[in-house]
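A short worksheet on the structure shown next.
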Protein chains: 2
Amino acid sequence: MINVLLSQIQEKVLLTDQDQEAIATFFISKKLRKRQYLLQEGDVCKHLAFVAKGLLRSYNIDEKGNEHISIFGWEGWWVSDLNSFLSGVPAVFNIDAIEDSELMMISLVDYDRLTLAVPIMDRYFRILFQNSLVTKERRLMSAISHTAEEKYLNLAESNPHVIKRIPQNLIASYLGFTPETLSRIKKNLALKR
Amino acid sequence: MINVLLSQIQEKVLLTDQDQEAIATFFISKKLRKRQYLLQEGDVCKHLAFVAKGLLRSYNIDEKGNEHISIFGWEGWWVSDLNSFLSGVPAVFNIDAIEDSELMMISLVDYDRLTLAVPIMDRYFRILFQNSLVTKERRLMSAISHTAEEKYLNLAESNPHVIKRIPQNLIASYLGFTPETLSRIKKNLALKR
């Protein structure tokens, strides 16, 4: 599993053999079965988790009991409640496995130690967070300014594999729709073609 | 102006005198008058800009001509169309000054050179982007799952100075409301108190 992580890091920065050995010492591996939780709302998020295999989702539940998916995390992605992880406040997100998954996890103490011991990891995380910001920025503008149909088309076009792999009710939750709205949108789009 | 930037960097990482001198060589300063543009949609965003003084907003305009504000940037914040800056694609955001402003700007070439010449800047930007992600994550979940009244209250409570300093029609645009909706929310809240 550590090799999946090291390969992903090396897509962004160069690592010496010594760096790779050092990095490996800071991570622990964890397996999750489908539907198992990595994090529950109200608990403190103790780890940043790298998805080496599988698929997870991060979501919260509003006062009316509606589920809102924040992100999907598949191979090569990181999942966490970043605010809870960094500040130690209770998590507002739940994270669970949509498929059987394998993770490489790092605690906050080790995250700090890692970036001091292997400074190139600051560069790796700088690039990772920089790219995440671009993604979040696009999604935020889409949530504010696009119609339901535009939101669905954006997702379908930018992540065609997501649409295939993830159950439709979860896609609806990610886009902030009811499953009925998503069905209607897909029917309308099919009619237009 | 460079001193405002260096102070802000030193809130997050330690800089030697040599680091400070090196950093200064990569930035150029720019003044903007109120209503002047830093970036127009469709142009490539050539600089990351640090706000040393003043207040700017980043926004886009949808097909119906409605304005949607993405962020406000005041003293100590960075503004850019990050995707356009990093990838050289046309910007989807406009950035203009709400107040007379003074900026410290860096080009992409110099941003790359800076992080190589002063590696601690990778750490600075890692922490900066990490914090921005936390803010964006909260705002995204708020946009998806909160009522209009909750969105307004979140903003008012987390950024009381924003509410005072920024014109109400811009606050409405930031929250994704019409100015009429914002007025109604504020009246309702005043009645509850």
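Below, all heavy atoms of this structure are taken into account, side chains as well, without hydrogens, waters or symmetry copies. Throughout, protein chains are lettered first and strands after them, A, B, ... in sequence-line order, and every chain is numbered starting at 1. In this text, all values refer to a predicted model and were calculated from it rather than measured experimentally.
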**Complete:** For residues 77-96 of chain B against chain A, heavy atoms under 4.5 Å, the residues are B:Leu82, B:Asn83, B:Leu86, B:Phe93
**Request:** Look at atom CG of B:Leu14 and say whether more than 12 heavy atoms of other residues, nucleotides or ligands are closer to it than 6.0 Å.
**Result:**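 Not more than 12 within 6.0 Å, no.
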**Asked** Is A:Lys12 atom NZ crowded by more than 12 heavy atoms from other residues, nucleotides or ligands, each under 6.0 Å away?
**Response**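 Atom NZ in A:Lys12 is crowded, with more than 12 foreign heavy atoms closer than 6.0 Å.
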Shared hydrophobic cluster, [X] / [Y] (ILVMFWY, side-chain heavy atoms < 4.5 Å):
X	Y	result
B:Leu39	B:Ile69	no
A:Phe177	A:Leu153	yes
B:Phe26	B:Ile23	yes
A:Leu55	A:Leu32	no
A:Val4	A:Ile28	no

**Request:** Using a heavy-atom cutoff of under 4.5 Å, enumerate the residues of residues 106-138 of chain A that contact chain B, numbered in order, or state 'none'.
**Result:**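 Interface residues of residues 106-138 of chain A: A:Tyr111, A:Thr115, A:Leu116, A:Asp122, A:Arg123, A:Phe125, A:Arg126, A:Phe129, A:Gln130, A:Ser132, A:Leu133, A:Val134, A:Lys136, A:Glu137, A:Arg138.
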**Request:** Under 4.5 Å heavy-atom distance to chain A, tell me which part of B:Glu67 shows up: side chain, backbone, both or neither.
**Result:** neither
